Amino acid sequence: MRTHVIDHPLVDHKLTTLRDERTDSPTFRRLTDELVTLLAYEATRDVRVEATSITTPVSPTAGVKLATPKPLVVPILRAGLGMLDGMVRLLPTAEVGFLGMVRNEETLEASTYAERLPDDLSGRQCYVLDPMLATGGTLAAAIRFLTDRGADHITAICLLAAPEGCARLEQELADLDVPVTIVTAAMDERLNDKGYIVPGLGDAGDRLYGVVH
Ligand code: URA
């Protein structure tokens with residue numbers, strides 16, 4: 001597994017406002033969108049392309065286009081939805097599948113409650129959107145889900161990551177024969193006893209969409 005922490009002043013600037021508890025939901029959504037587009041630029045460095053030829057107004061020339069099968073973008077519901085627009089802005093022809101996963105707040109284990117994905121993901125590059133890589137349980141389960149269906153290249157885009165989550169992913173995916181890359185805006189200090197990232201930004205779903213009672 002490769003972990004890529006983006007080092008860019010604009011990313012740091014947007015992330016600082018995102019973390020601030022005074023930032024309201026509309027601003028939080030806009031900043032998430034902008035941040036994801038910046039992360040996606042780096043995360044798609046290995047996206048597969050194939051040769052094509054076109055004609056400019058001046059002459060024929062060679063170029064590239066996204067290879068088929070098209071990449072698949074997979075937001076993990078609910079908070080991953082807040083990252084979808086920013087991602088597909090960069091990859092407008094990608095297909096989108098949905099994975100609903102919820103974390104049990106006592107055991108911190110993830111379970112799948114919804115999925116809308118092709119049965120066969122053979123040869124697909126998948127871009128998983130999950131804002132908070134905290135314990136790593138949700139992301140590990142999502143990655144297994146996709147590779148069990150044949151995905152052969154996984155990139156997870158996370159706003160924030162915790163060292164504990166990255167260590168767990170390394171451990172749980174050690175036997176996986178598929179390249180996995182994590183792209184994140186920051187590697188934070190640690191998790192607290194409730195499994196929240198410290199300093200973090202709080203509950204990403206609540207900050208995007210409000211608290212569900
Ligand atoms: N999920 C969140 O939304 N925030 C955290 O800090 C950890 C998990």
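Order of appearance sets the numbers: ligands from 1, and atoms from 1 within every ligand. Keep in mind the model is a prediction, meaning the values are calculated, not measured.
- To the nearest 0.5 Å, atom NZ of residue K70 and atom NZ of residue K65 are 7.0 Å apart.
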Write none if no such pair exists; otherwise list each N/O atom of ligand 1 with its protein N/O partner under 3.5 Å and the distance.
unit_1, atom_1, unit_2, atom_2, d
ligand 1, 3 (O), A204, N, 2.8
ligand 1, 4 (N), G202, O, 2.8
ligand 1, 6 (O), I197, N, 2.8

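- Atom-to-atom distance recorded for C126:SG and L117:CG is 8.0 Å, nearest 0.5 angstrom.
- Here the CG-CD distance, from L77 to E115, works out to 11.0 Å after rounding to the nearest 0.5 Å.
- Of the charged side-chain nitrogens involved, at least one lies within less than 4.0 Å of a carboxylate oxygen, so that R78 and D206 count as a salt-bridged pair.
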Which pairs of donor and acceptor atoms, one on a side chain in residues 6-13, lie under 3.5 Å apart (sequence neighbours left out)?
unit_1, atom_1, unit_2, atom_2, d
H8, ND1, L10, N, 3.0

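- In this structure, the separation between CZ on R144 and OG1 on T112 is 13.5 Å, given to the nearest 0.5 Å.
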